[in-house]
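Questions regarding the structure given below will be posed in turn.
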Amino acid sequence: MKTTIKKFSPTLFSALLAATAVLSISQANAFERGAHRGDHRGAGEFNRIDVNQDGQLSLDEMVTPLMVKVAKRFNRKDSDDDGLLSFEEFQQTRRGIKTDLSDIADGIVQCVADIKTDTGNEDIIVPTADKFISPADKFAVIDTSNDGFISLEELQANVTAKVAAHFLVMDQNADALITEEEFNAAKAIRKATKRAIHQCINELTSEDIV
């Protein structure tokens, strides 16, 4: 059976972004209340996101709950409550300051590639070095107005773009909807890749300490 590799479509990407430009307030409120969960005792992550319970996820359903989380994270970081994030506020995390992995980016990429080869785990996706750009470079990417600050709108736009791009990869049959099978397949890939990346970061940073 011949496998067809989907190419990234700028037109579809723009359409997906346009579809999330105006988020449903009622849907966001439903997520916040947990009213979208239906039978929450037996519902998994997929069902919690599937607001209309039609067995499929739209881009809007995936983006809306994240916007709620992004707003909370933004407000937590905005220590002076001025509605903007400075670089100092941006790089603060609950554990301290964001770690700069840019100097070992190539090493992480090679390490993940080695783990994939050694384990034969096809769920592992070898990242590119630009995934590990410095906090300063990440800040500059999000700060599209180039004013030295990040607004909530800029942060939400950045997250929306990432989710839209991920959505295209998850949507294996290109019908603009994510089935539970597609969702779980992507989740397995994300989990395996994240585990490999964390293992490599721990190994490389431990070596630096020694």
- Gap separating the CD atom of Glu180 from the CD1 atom of Ile49, nearest 0.5 angstrom: 10.5 Å

- Item | Within-4.5 Å side-chain heavy-atom neighbours: Lys191 and Lys187 |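 Result no, sub-4.5 Å side-chain heavy-atom pair not found.
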
- Query: To the nearest 0.5 Å, what is the distance between CG (Asn173) and OG1 (Thr179)?
  - Reply: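 Here the rounded value is 6.5 Å.
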
- Message: Please check: side-chain N/O of Gln110 versus main-chain N/O of Gly107, any donor-acceptor pairing under 3.5 Å?
- Response: no

- Message: Applying a strict under-4.5 Å side-chain criterion to I, L, V, M, F, W and Y, I'd like to know whether Phe183 and Ile125 cluster together.
- Response: no

- For the residue pair Ile197 and Phe132, establish whether any side-chain heavy-atom pair is separated by less than 4.5 Å. yes

- Non-hydrogen side-chain atoms of Leu177 and Ser58 separated by less than 4.5 Å: yes

- Item | Main-chain N/O of Gly148 paired to Asp143 side chain as donor or acceptor, under 3.5 Å |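 Confirmed, Asp143 side chain pairs with Gly148 backbone.
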
- Donor-acceptor under 3.5 Å (Gln91 side chain, Glu88 main chain): no

- Say you draw a straight line from CZ of Phe74 to CD of Glu154; how long is it, rounded to the nearest 0.5 Å?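 Interatomic distance, Phe74 CZ to Glu154 CD, rounded to 0.5 Å: 9.0 Å.
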
- Message: Do Phe87 and Ile150 land in one hydrophobic cluster if side-chain heavy atoms of ILVMFWY residues count as linked below 4.5 Å?
- Response: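 They do share one cluster, since a chain of ILVMFWY contacts under 4.5 Å joins Phe87 to Ile150.
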
- Task: Provide the closest heavy-atom pair for Leu152 versus Ala71 in the form atom of the first, atom of the second, distance.
- Result: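 Nearest pair, atom of Leu152 first, then Ala71: CD1-CA, 3.8 Å.
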
- Task: Using atom types as modelled and distance alone, determine if a side-chain donor or acceptor of Asp78 lies under 3.5 Å from a backbone N or O of Gly83.
- Result: yes

- Taking atom CE of Met170 and atom CD of Gln172, what is their separation to the nearest 0.5 Å?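 Those atoms lie 9.0 Å apart.
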
- Task: Output the distance between atom CD1 (Ile142) and atom CD (Gln156), rounded to the nearest 0.5 Å.
- Result: 12.0 Å

- hydrophobic_cluster_shared for Phe167 and Val70, side chain cutoff 4.5 Å: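 Yes, it is one cluster - the side chains of Val70 and Phe167 are joined through contacts under 4.5 Å.
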
- Query: Can you find a heavy atom in the side chain of Val63 that is under 4.5 Å from one in the side chain of Leu66?
  - Reply: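 SC-SC contact between Val63 and Leu66 ruled out.
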
- Query: Given side chains that start at C-beta, do those of Ile178 and Met62 come closer than 4.5 Å, heavy atoms only?
  - Reply: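 Yes, close enough: below the 4.5 Å cut-off.
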
- Item | Test log, rule side-chain contact (heavy atoms from CB on, under 4.5 Å), inputs Cys200 and Ile115 | CA-CA 9 Å; Cys200 290; Ile115 290 176; 3.5 Å; yes

- Considering only heavy atoms from C-beta outward, does the side chain of Val159 approach that of Lys69 to under 4.5 Å? no

- Item | Main-chain N/O of Ala188 paired with Asn184 side-chain donor or acceptor, under 3.5 Å | no

- Item | Phe46 backbone acceptor or donor facing Asp50 side chain under 3.5 Å | no

- Message: Could you see if Ile133 belongs to whatever hydrophobic cluster contains Leu204? Use Ile, Leu, Val, Met, Phe, Trp, Tyr and a side-chain cutoff under 4.5 Å.
- Response: no

- Message: If we ignore hydrogens and angles and just use 3.5 Å, is the side chain of Asn158 paired with the main-chain N or O of Lys162 as donor and acceptor?
- Response: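 No.
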
- Message: I'd like to know if the side chain of Glu61 and the backbone of Val51 have a donor-acceptor N/O pair within less than 3.5 Å.
- Response: yes

- Task: Please name the pair of heavy atoms, one in Leu59 and one in Ala164, separated by the smallest distance, quoted to 0.1 Å.
- Result: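 Nearest pair, atom of Leu59 first, then Ala164: CD1-CA, 3.9 Å.
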
- Message: Does any part of the side chain of Lys138, heavy atoms only, come nearer than 4.5 Å to the side chain of Lys98, both counted from C-beta?
- Response: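 No, their side chains stay 4.5 Å or more apart.
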
- Item | Any donor-acceptor N/O pair, Thr99 side chain to Leu101 backbone, under 3.5 Å | no

- Query: Is the closest side-chain heavy-atom distance between Leu84 and Ser151 below 4.5 Å?
  - Reply: yes

- For Val126, the option from Asp114, Val109, Ile108 that meets side chain to side chain contact (heavy atoms under 4.5 Å, CB included): Val109

- Examine distances only and state if a side-chain atom of Lys77 and a backbone atom of Leu85 form a donor-acceptor pair shorter than 3.5 Å. no

- Message: To the closest 0.5 Å, what do you measure between CZ (Phe149) and CZ (Phe139)?
- Response: 7.5 Å

